[in-house]
There are 2 protein chains.
Amino acid sequence: MSVINIGEASEKTGVSAKMIRHYEDIGLLPKSKRTESGYRFYKEDDLHNLIFIKRARALGFSTAQIKKLMGLWLNKSRKSADVKKITQDHIEELEVKLKEMQQMIKALKEMSGCCHGDQKAECPILENLSKT
Amino acid sequence: MSVINIGEASEKTGVSAKMIRHYEDIGLLPKSKRTESGYRFYKEDDLHNLIFIKRARALGFSTAQIKKLMGLWLNKSRKSADVKKITQDHIEELEVKLKEMQQMIKALKEMSGCCHGDQKAECPILENLSKT
DNA sequence: ATAGACCTTCCCACGATGGGAAGGTCTATA
DNA sequence: TATAGACCTTCCCATCGTGGGAAGGTCTAT
């Protein structure tokens, strides 16, 4: 059973060593085993956790949400309803933010479209920003 | 000329007193005048700055961007092109984030749509998250 | 043996915002 | 006029995810 250190684990998973330590600190990962000299070491199997976290982060889940998801993942008597609930909540949060951003973009484009963008001082963008 | 303290300025503009102080700290607002006892005070005219910041924040501009925008706003010999540039850059940043979020939502919805969300342990969401 | 690459922990930073403590000031009422 | 309560001040800490860097220890190839 091959054993790797944090640098290799980082390379293999694409999660920085800094973040691996951080995830351990906040309890997202179990405390890793250590060599006699204090170096963390991992087995191939431990990398699954890191990959799980990486995927979940890429999908925008917060570390709090990931903690719950990992708990369910490891729990053989989980209910898929619980997983789905977390996912649905997350989707809703994202959609709220998405709408906010779309509104911002819409307003910004309208303002920008009114601005000549030339050498003159007159500027509808600034007028809009300063209007009460 | 009526003079108001930070609490009233906050009420009138909807910017928290905490944030008014913060904007002053980071140089987004000029140092406010003080009474003999050290209280900040503002005139009606000073509120325009706060309103400007508030509008700009609502449109997602960063404080760094707002600093530039306010500089241009106060500069009578500005070129509207400079304002438009900042705005366009901001729009592009937002659009990048928007697309990322849309992709996340799309992937999440697909996963969620495959999950029965019932009492059983089998869960395509977790399977997806853990797949290499 | 030594250099260089790697590991450890610890502290600091970002950005925007809020919480809260300790202490000073202002104002209305008793 | 004294006092309570509301407000102000500064200062430090927290969030969230991530990275930088220092000081010091370890490992490995030459």
Side-chain angles (χ1 to χ4, degrees), chain A residues 2-29 31-42 46 50 52-70 89-90 93-94 96-97 100-101 104, chain B residues 2-29 31-42 46 49-50 52-70 89-90 93-94 97 100-101 104:
Chain A
S2 73
V3 156
I4 62 182
N5 65 19
I6 199 170
E8 285 175 278
S10 168
E11 242 179 76
K12 290 202 177 191
T13 60
V15 180
S16 73
K18 276 274 202 222
M19 291 312 298
I20 297 176
R21 294 191 194 100
H22 177 63
Y23 292 147
E24 188 182 318
D25 282 347
I26 64 175
L28 203 46
L29 290 174
K31 302 259 177 208
S32 86
K33 295 201 176 136
R34 304 289 186 117
T35 65
E36 280 184 12
S37 58
Y39 281 26
R40 287 173 181 79
F41 69 86
Y42 304 90
D46 297 321
L50 281 172
F52 185 98
I53 293 172
K54 197 184 180 206
R55 288 269 306 144
R57 287 290 308 135
L59 289 165
F61 284 106
S62 68
T63 46
Q65 288 169 324
I66 298 173
K67 200 176 280 191
K68 291 183 198 162
L69 289 173
M70 288 187 75
D89 288 350
H90 178 42
E93 290 160 11
L94 285 180
V96 168
K97 285 190 205 157
E100 287 170 2
M101 291 183 53
M104 284 180 189
Chain B
S2 73
V3 155
I4 61 182
N5 66 18
I6 200 170
E8 285 175 278
S10 168
E11 242 179 75
K12 289 202 178 191
T13 61
V15 180
S16 74
K18 275 275 202 219
M19 290 312 297
I20 296 176
R21 294 191 194 100
H22 178 63
Y23 292 146
E24 188 182 316
D25 283 347
I26 64 175
L28 202 47
L29 289 174
K31 301 259 177 209
S32 86
K33 295 201 176 136
R34 304 291 186 116
T35 64
E36 281 184 12
S37 59
Y39 280 26
R40 287 173 181 79
F41 69 85
Y42 305 89
D46 298 321
N49 290 322
L50 282 172
F52 186 98
I53 293 172
K54 196 181 180 208
R55 288 269 307 146
R57 286 291 307 134
L59 288 165
F61 285 106
S62 67
T63 47
Q65 288 168 324
I66 298 173
K67 202 176 277 191
K68 291 183 198 162
L69 289 173
M70 287 186 75
D89 289 351
H90 178 42
E93 290 160 9
L94 285 180
K97 284 189 208 157
E100 287 170 1
M101 291 183 54
M104 284 180 188

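To find a chain, count down the sequence lines: A is the first, B the second, and so on, and within it residues start at 1. Only this structure's heavy atoms are used, side chains among them; waters, hydrogens and symmetry mates stay out.
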(request) Tell me, please, the opening and closing nucleotides of DNA chain D, 5' to 3', among those with an atom under 4.0 angstrom from a non-hydrogen atom of chain A. (result)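 Reading along DNA chain D, I get D/dG17 to D/dC27.
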
Contact class for [X] vs. all strands (heavy atom < 4.0 Å): base, sugar-phosphate, or nothing?
{"X": "A/Phe61", "answer": "nothing"}
{"X": "B/Arg21", "answer": "base"}
{"X": "A/Ser16", "answer": "sugar-phosphate"}
{"X": "B/Thr63", "answer": "sugar-phosphate"}

(message) For A/Glu8 and B/Tyr23, find the nucleotide of DNA chain C closest to each by heavy atoms; which residue's nucleotide sits nearer the 5' end?
(response)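 Between the two, 5'-proximity favours A/Glu8.
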
(message) If you assign A/Tyr39 and B/Arg57 each to the DNA chain C nucleotide with the nearest heavy atom, which residue ends up on the more 5' nucleotide?
(response)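 Checking each residue's closest nucleotide, the 5'-ward one belongs to A/Tyr39.
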
Work out which heavy atom in [X] is nearest to a heavy atom in [Y]; give both atom names and the distance.
{"X": "A/Val15", "Y": "A/Met19", "value": "CG1-CB, 3.9 Å"}
{"X": "B/Ser10", "Y": "B/Ala17", "value": "OG-N, 3.6 Å"}
{"X": "A/Glu24", "Y": "A/Tyr42", "value": "OE1-OH, 4.1 Å"}
{"X": "B/Asn49", "Y": "B/Met70", "value": "OD1-CE, 3.5 Å"}

Any donor-acceptor pair under 3.5 Å from [X] side chain to [Y] backbone:
{"X": "A/Arg21", "Y": "A/Asp25", "answer": "no"}
{"X": "B/Arg55", "Y": "B/Leu59", "answer": "no"}
{"X": "B/Lys67", "Y": "B/Ile26", "answer": "yes"}

In this structure, how many angstroms lie between the [atom2] atom of [N] and the [atom1] atom of [X], rounded?
{"X": "B/Gln65", "N": "C/dG15", "atom1": "CD", "atom2": "P", "result": "11 Å"}
{"X": "A/His22", "N": "C/dA13", "atom1": "NE2", "atom2": "P", "result": "18 Å"}
{"X": "B/Leu50", "N": "C/dT17", "atom1": "CG", "atom2": "C1'", "result": "16 Å"}
{"X": "B/Leu28", "N": "C/dT17", "atom1": "CG", "atom2": "P", "result": "10 Å"}

(message) Does B/Asp46 form a side chain to side chain contact (heavy atoms under 4.5 Å, CB included) with B/Phe41? I'd like the steps, not just the answer.
(response) CA-CA 9 Å; B/Asp46 298 321; B/Phe41 69 85; over 6 Å; no

(message) Between B/Asn5 and A/Ala64, which residue's closest nucleotide on DNA chain D lies nearer the 5′ terminus?
(response)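 Closer to the 5' end of DNA chain D: B/Asn5.
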
(message) Could you walk me through whether B/Leu69 and B/Phe52 satisfy the side chain to side chain contact (heavy atoms under 4.5 Å, CB included) test, starting with their C-alpha distance in whole Å, then the side-chain angles of each, then the deciding distance to 0.1 Å, before giving a yes or no?
(response) CA-CA 9 Å; B/Leu69 289 173; B/Phe52 186 98; 4.0 Å; yes

(request) Whenever both distances are under 3.5 Å in a Watson-Crick or G-U wobble pair, mark it; put DNA chain D into dot-bracket that way, with [ ] for crossing pairs and | when the partner is on another strand. (result) ||||||||||||||||||||||||||||||

